[in-house]
Amino acid sequence: WDAAYERELQTFQDIGDAGEIWFGEESMVRIIRWLEKQKVPLDSSVLDIGTGNGVLLIELAKSGYMNLTGIDYSPSAIQLSEKVREKEGMPNIKLKVEDFLAPSAELSGFEICIDKGTFDAISLNPDNALGKRKQYMRSLCSVLKPEGFFLITSCNWTKDELLNEFREGFEILEELPTPKFCFGGRIGNSVTALVFQRK
């Protein structure tokens, strides 16, 4: 990931392109629309897990959200998101190099946690993926307040699989609509987007 974000950082410095928007623009719109529909207060504390280039946080800030934090374990990703934040004039977004599987003590008390692809990446780790998924769950429970919302967008997991992964300590509130496709007479989604609430 460091190498990927170093390339994106160089590209941003060369031509001002912030790089890949995971799951596309519509995934950010989907998240913001849900927060607005639920009338989630604009001062709610939001954590973007695996923020990458930080573009989701920029869009949240443009929508009026004020208490935004992005973490990524890649220092290059945080450097890139700092440059994007600077260019967009959003100095209030907090950015930290932080490994979500070993979060620091001050990473706690969030009312909303958002994950677009980080759980996917952790799940694909060839080195003890099951243990890392369990650690992800422990980390999520330590940073998200009880009754807090967890919004996850995944291209690796179906709705049923995610319900199974997050069954302990979370309840499903809503499945957000994502693009559908048809193959071999069956209809499916290439992306799953769910909203959970911590019990």
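Because the structure is predicted, anything quoted here is derived from the model rather than measured.
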Would you say the side chains of Glu98 and Ser104 form a donor-acceptor pair under 3.5 Å? yes
Side-chain donor/acceptor of Glu111 to backbone N/O of Gly148, under 3.5 Å: no
Between atom CD1 of Ile112 and atom CG of Leu151, what is the distance when rounded to the nearest 0.5 Å? 7.5 Å
Whether the Asn156 and Ser123 side chains hold a donor-acceptor pair (N or O, under 3.5 Å, no angle test) is what I'd like checked. no
Quick one: does Arg85's side chain have a donor or acceptor within less than 3.5 Å of a partner on Ile93's backbone? yes
Less than 4.0 Å between a side-chain N and a carboxylate O, is that true for Glu165 and Lys134? no
Below 4.0 angstrom, N of the basic side chain to O of the carboxylate: do Asp127 and Lys132 qualify? yes
Calculate, to the nearest 0.5 Å, the distance between atoms CG and OG belonging to Leu60 and Ser44 respectively. 11.0 Å
Roughly how far, to the nearest 0.5 Å, is the CG atom of Leu194 from the CG atom of Asp115? 11.5 Å
Any idea which heavy atoms bring Ser142 and Ser108 closest together, and the distance? O-CB, 3.8 Å
Between Val46 and Thr69, does a side chain to side chain contact (heavy atoms under 4.5 Å, CB included) hold up when you go through it step by step? CA-CA 6 Å; Val46 178; Thr69 302; over 6 Å; no
Quick one, Lys62 with Glu88, criterion salt bridge (charged side-chain N to carboxylate O under 4.0 Å, His left out). Give me CA distance, side-chain angles, the key distance, then yes/no. CA-CA 10 Å; Lys62 286 178 180 175; Glu88 295 287 343; 3.4 Å; yes
Tell me whether Glu106 at atom CD has more than 12 heavy atoms from other residues, nucleotides or ligands lying less than 6.0 Å away. yes
Check whether Glu59 reaches the backbone of Leu56 with its side chain - one donor and one acceptor, N or O, closer than 3.5 Å. no
Between Phe150 and Phe166, how do the two ring planes meet: parallel, tilted or perpendicular, split at 30° and 60°? tilted
Could you name each residue pair satisfying ring-ring contact (aromatic ring centres under 6.0 Å, His included) that touches residues 76-113, not counting sequence neighbours? Phe100-Tyr136
What's the separation between atom CD in Glu171 and atom CZ in Arg198, rounded to the nearest 0.5 Å? 12.5 Å
Keeping Arg30 on the side-chain end and Ala193 on the backbone end, is there a donor-acceptor pair under 3.5 Å? no
Thr178 side chain to Val191 backbone, donor-acceptor under 3.5 Å: yes
Go through the steps to decide whether Leu107 and Leu47 satisfy the test side chain to side chain contact (heavy atoms under 4.5 Å, CB included), and finish with yes or no. CA-CA 9 Å; Leu107 207 67; Leu47 177 66; 4.3 Å; yes
For Pro75 against Val97, the heavy-atom pair lying closest together: CA-CG2, 3.8 Å
Over all atoms of both residues, closest heavy-atom pair of Leu42 and Gly64: CB-O, 3.4 Å
Check the pair Thr192, Trp157 against side-chain hydrogen bond (donor to acceptor under 3.5 Å, both in side chains), reporting the backbone distance first and the verdict last. CA-CA 7 Å; Thr192 304; Trp157 298 87; over 6 Å; no
Applying side-chain hydrogen bond (donor to acceptor under 3.5 Å, both in side chains) to Asp120 and Ser154, what does each step give before you reach the verdict? CA-CA 6 Å; Asp120 287 352; Ser154 169; 2.6 Å; yes
Determine, stepwise, if the pair Leu176 / Thr153 fulfils side chain to side chain contact (heavy atoms under 4.5 Å, CB included). CA-CA 9 Å; Leu176 303 180; Thr153 304; over 6 Å; no
Taking the side chain from Gln135 and the backbone from Leu101, do they hold a donor-acceptor pair closer than 3.5 Å? yes
List in chain and number order the residues that pass side-chain hydrogen bond (donor to acceptor under 3.5 Å, both in side chains) with Lys96, two or more places apart in sequence or in another chain; answer none if no residue qualifies. none
First locate atom CG of Leu68, then atom CD1 of Ile114, and finally report the distance between them rounded to the nearest 0.5 Å. 8.5 Å
Applying salt bridge (charged side-chain N to carboxylate O under 4.0 Å, His left out), run through Glu174 and Lys37 and close with a yes or a no. CA-CA 12 Å; Glu174 200 172 332; Lys37 197 175 87 185; 3.1 Å; yes
Across all chains, not counting sequence neighbours, the side-chain contact (heavy atoms from CB on, under 4.5 Å) partners of Ser63 are Ile32, Glu36, Tyr65
With a 6.0 Å cut-off (strictly less than), is the heavy-atom count around NZ of Lys39, excluding the residue itself, greater than 12? no
To the nearest 0.5 Å, atom CZ of Arg33 lies from atom CE of Met28 at 12.5 Å
Examine distances only and state if a side-chain atom of Asp72 and a backbone atom of Gly52 form a donor-acceptor pair shorter than 3.5 Å. yes
